[in-house]
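Taking it in order: structure first as structure tokens, then the write-up.
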Amino acid sequence: MSGGAPDATEGLDQPPVDDAFLGSDDGNRAYAAAADAATRAVVTATDRATPYSGAAPDTLRERFAERRVLPERGQSVEATLGEVTDEVLSSVVGVFDPDCVAHLQCPPTIPGLAAEALVAGTNQSMDSFDQAPAPSVCEERVVDALCDRLSFPAGADGVFTSGGTQSNLQGLLLAREWFCRERLNCDVQTEGLPADADDLRVVTSEAAHFTAAQATAQLGLGEDAVVEVPTDDGHRMDPDALDATLADLSADGCRPFALFGTAGTTDHGAVDPLPALADRAAEHDLWFHVDAAYGGALLLSERERSTLDGIERADSVAVDFHKLFYQPISCGAFLLRDGNQFRLQDRNAAYLNPEADDDAGVPNLVGKSLQTTRRFDALKPYVTFRTLGRERLADWVEYVVDLATAVGDDVRDHPELELVCEPQLSTVLFRYRPEEGDPDEINPAIRDRLLRAGRAVIARTEVDGRATLKFTLLNPRATRSSLRALLASVVEHGTEIERERST
């Protein structure tokens, strides 16, 4: 080219990449060094005396105030990871610490962490076979194993999800599609909601996860479409109350289409009477979905498996691996008793999953998922299961269940503590009982002080309108002695707050 602007295509045989990507000698060496630095940073972050630094939100914001997130010129990855170690990882929650007992946030296993590195490093996208060949087949195998543990029949299927929220949404989505097609002769996927959709209802317990209501809102039915059934003394859905609720709905001209059961409520760890719910679902022709995000790990244990009796009759099940299966976040699964029901949401795109691939048996998993681009999260339980085996994982599940029972006994025997309800699964709900002052003010203050001091991360909730403290015991490294010491700290802070407020 003579004169004018320079040729924009010049230099395109000399890519502007040196050591920023895998695939070259320089890139491979850089990756190994970065991975080594990241490993040291994680070990540093977990090798500390307390589960939290105690830093307040404003303190954390100040740390980042002078940092340019997108500088004009960068620095070495080692330098950046050094900053992150000091400024970010120093104030993460220590999920490996036995005194981190607030939420359903587990310590992930070493095999799971190793698999996480493989997932990130290979960056497979699980929507089509040509983006994830062996990973697609691996996910199918893991799903098959899960369906076997559920005692689902031949033809069951599933897909990995980000967790219980997505799985519950998918369960109610398919339930709505099924009901509208089969009962109302309406294909919501193409036609939208029918004119009389205002009558549709989802029946669940008053202790169910909020994602039941969230899903109905996202599905265009509104949260008012959820009808809550009272629970019994064990915070499980009451079958007699369910019968009354279904009778009332019929009398009011409403049309329930899904019965939403729970196998492990967030606060109480309660498991609904699944056989009774399955009977009602069959009698009233309802889609039966079970949220087993928390309690699904009982499937690993021969001793505890009977707690989930009836789950094999569910139409769909939500299971989380980043809880009692001890996997890194995020990692969940949505499982269908009849895999053919995925047709209720399926669609084909010529560039991604053409119908010819379906006919040829090519596993393009996008048709089963609410996501398009999706991580190869199935590798994490696969590596963990193959490495540790069912029996070892079951031992851990049984250990934390037994630990919760023992800690409940310790709370019951303590003169300054009150056990709010009998432990179920691995949660313990309790309160500090002050001699003076309002326990509904003092108990949340205890939790806040423990967090600010970095002593422990415990949960707060409400039970029957009363402020309540909660241990969520997932960590098999926790001991009865360590939790007795934590209970002593609760009492110590409670006494201190009570004394301060009485002066």
- Message: If you apply the rule salt bridge (Lys or Arg N to Asp or Glu O under 4.0 Å), what do you find for Asp395 with Arg392, and how did you get there?
- Response: CA-CA 5 Å; Asp395 286 344; Arg392 191 172 183 190; over 6 Å; no
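- Using a distance-only test at 3.5 Å, with no hydrogens or angles considered, a donor-acceptor pair links the side chain of Thr265 to the main chain of Ala270.
- Asp144 contributes atom CG, which lies 6.0 Å from atom CZ of Arg141 (distance to the nearest 0.5 angstrom).
- The existence of a salt bridge linking Lys323 and Asp320 is confirmed by a sub-4.0 Å separation between a basic side-chain nitrogen and an acidic carboxylate oxygen.
- Two residues are said to be in side-chain contact when any heavy atoms from C-beta on lie closer than 4.5 Å; Leu169 and Leu219 meet this criterion.
- Looking only at side-chain heavy atoms (C-beta outward), Val401 and Leu473 stay at 4.5 Å or farther from each other.
- Donor-acceptor pairing under 3.5 Å is lacking for the side chains of Thr262 and Tyr294.
- A donor-acceptor contact shorter than 3.5 Å links the side chain of Thr427 to the backbone of Asp267.
- The local environment of CZ in Arg460 is sparse, with at most 12 non-hydrogen atoms from other residues, nucleotides or ligands closer than 6.0 Å.
- Between Leu486 and Asp99, the shortest heavy-atom distance links the atoms CD2-OD1, 3.8 Å.
- Nearest approach of Thr472 to Ala102, heavy atoms of both residues: OG1-O, 2.9 Å.
- With contacts defined as side-chain heavy-atom distances shorter than 4.5 Å, the pair Thr165/Gln214 qualifies.
- Electrostatic pairing of Glu496 and Arg449 counts as a salt bridge here, judged by a charged N lying under 4.0 Å from a carboxylate O.
- Side chains of Ser330 and Ser162: a donor-acceptor N/O pair is absent below 3.5 angstrom, by distance only.
- More than 12 heavy atoms of other residues, nucleotides or ligands shown are found within 6.0 angstrom of CG on Asp346.
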- Message: Determine whether Phe160 and Phe334 satisfy the following criterion, ring-ring contact (aromatic ring centres under 6.0 Å, His included), listing intermediate values before the conclusion.
- Response: CA-CA 6 Å; Phe160 269 67; Phe334 172 73; over 10 Å; no
- Message: Let's go through Val457 and Leu451 carefully: what are the C-alpha distance in whole Å and the side-chain angles of both, what is the deciding distance for side-chain contact (heavy atoms from CB on, under 4.5 Å) to 0.1 Å, and is it a yes or a no?
- Response: CA-CA 6 Å; Val457 184; Leu451 184 65; 4.0 Å; yes
- Task: Output, in order, the C-alpha distance, side-chain angles, deciding distance and verdict of side-chain contact (heavy atoms from CB on, under 4.5 Å) for Val400 and Leu474.
- Result: CA-CA 6 Å; Val400 295; Leu474 303 186; 5.6 Å; no
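- Taken from OG1 in Thr204 to CG in Leu259, the straight-line distance is 7.5 Å, to the nearest 0.5 Å.
- With respect to the salt-bridge test (charged N to carboxylate O, under 4.0 angstrom), the residues Glu139 and Lys368 do not qualify.
- A donor-acceptor pair is defined here as one N or O able to donate and one able to accept, closer than 3.5 Å; such a pair exists between the side chain of Ser482 and the backbone of Thr479.
- Using modelled atom types, one finds a donor on one side chain and an acceptor on the other under 3.5 Å when comparing Glu498 with Tyr432.
- The minimum heavy-atom distance linking Pro239 with Pro273 is given by the pair CG-CG, 3.8 Å.
- Looking at Arg374 and Val159, their side chains come closer than 4.5 Å, going by heavy atoms from C-beta outward.
- Ring centroid separation for the pair Phe288 and Phe260 does not come in under the 6.0 Å cut-off.
- In this structure, a donor-acceptor pair under 3.5 Å is present between the side chains of Arg181 and Gln189.
- In terms of heavy atoms, Leu336 sits closest to Ser316 at CD2-CB, 4.0 Å.
- Between the side chain of Thr109 and the backbone N or O of Gly112 there is at least one donor-acceptor pair closer than 3.5 Å.
- Heavy atoms from other residues, nucleotides or ligands lying under 6.0 Å from CZ of Arg390 number more than 12.
- The two residues Asp377 and Cys331 come nearest to each other via the heavy atoms O-SG, 3.5 Å.
- Judged by distance alone, the side chains of Thr468 and Arg431 never bring a donor and an acceptor atom under 3.5 Å apart.
- Within a 6.0 Å sphere centred on CG of Asp233, heavy atoms belonging to other residues, nucleotides or ligands number 12 at most.
- Asp315 and His289 share no donor-acceptor pair across their side chains, judged by distance under 3.5 Å alone.
- Remark: the backbone N or O of Ala132 is paired with a side-chain donor or acceptor of Ser136 at under 3.5 angstrom.
- Residues Leu469 and Val490 are in side-chain contact: their nearest non-hydrogen atoms beyond the backbone lie under 4.5 Å apart.
- Considering CZ of Arg201 and CZ of Phe257, their distance stands at 10.0 Å, rounded to 0.5 Å.
- In this structure, Trp396 has its ring center closer than 6.0 angstrom to the ring center of Tyr326.
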- Task: Assess whether salt bridge (Lys or Arg N to Asp or Glu O under 4.0 Å) is satisfied between Arg313 and Asp279, documenting all intermediate values.
- Result: CA-CA 9 Å; Arg313 298 171 62 190; Asp279 289 343; 2.9 Å; yes
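- Comment: Arg466 does not engage Asp440 in a salt bridge, judged by the lack of any side-chain N to carboxylate O separation of less than 4.0 angstrom.
- The environment of Phe179 atom CZ is dense: over 12 non-hydrogen atoms of other residues, nucleotides or ligands sit within 6.0 angstrom.
- Using a distance-only test at 3.5 Å, with no hydrogens or angles considered, no donor-acceptor pair links the side chain of Arg477 to the main chain of Pro98.
- Of the N and O atoms on the side chains of Asp127 and Ser125, at least one donor lies less than 3.5 Å from an acceptor on the other residue.
- In summary, the side chains of Glu223 and Thr216 do not present any donor paired with an acceptor at a separation below 3.5 Å, with no hydrogens or angles considered.
- Atom CD in Gln105 sits 11.5 Å away from atom CG in Asn475 (nearest 0.5 Å).
- Looking only at atom types and distance, the side chain of Gln131 has a donor-acceptor partner in the side chain of Ser128 under 3.5 Å away.
- No more than 12 heavy-atom neighbours from other residues, nucleotides or ligands sit within 6.0 angstrom of CG on Asp464.
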- Query: Between Arg236 and Thr231, does a side-chain hydrogen bond (donor to acceptor under 3.5 Å, both in side chains) hold up when you go through it step by step?
  - Reply: CA-CA 5 Å; Arg236 301 175 292 262; Thr231 56; over 6 Å; no
- Item | Steps toward side-chain contact (heavy atoms from CB on, under 4.5 Å) verdict (Leu335, Val319) | CA-CA 8 Å; Leu335 305 169; Val319 174; 4.2 Å; yes
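- Side-chain atoms of Asp238 come within 3.5 Å of backbone N or O of Asp240 as a donor-acceptor pair.
- Considering CZ of Arg337 and CG of Leu150, their distance stands at 10.5 Å, rounded to 0.5 Å.
- Residues Gln327 and Thr384 bring a donor and an acceptor atom of their side chains to less than 3.5 Å of each other.
- Of the possible polar contacts, one joining the Thr307 side chain to the Glu304 backbone as a donor-acceptor pair under 3.5 Å is found.
- For the residue pair Thr161 / Ser167, a side-chain donor-acceptor distance below 3.5 Å is found, with atom types taken as modelled.
- Aromatic ring orientation, Phe471 versus Phe430: perpendicular (interplanar angle above 60°, classes split at 30° and 60°).
- Taking CD from Gln341 and CD from Glu177, the interatomic distance works out to 11.0 Å, rounded to the nearest 0.5 Å.
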- Task: Could you go through the salt bridge (Lys or Arg N to Asp or Glu O under 4.0 Å) check for Arg343 and Asp338 one step at a time?
- Result: CA-CA 10 Å; Arg343 64 180 171 77; Asp338 178 3; over 6 Å; no
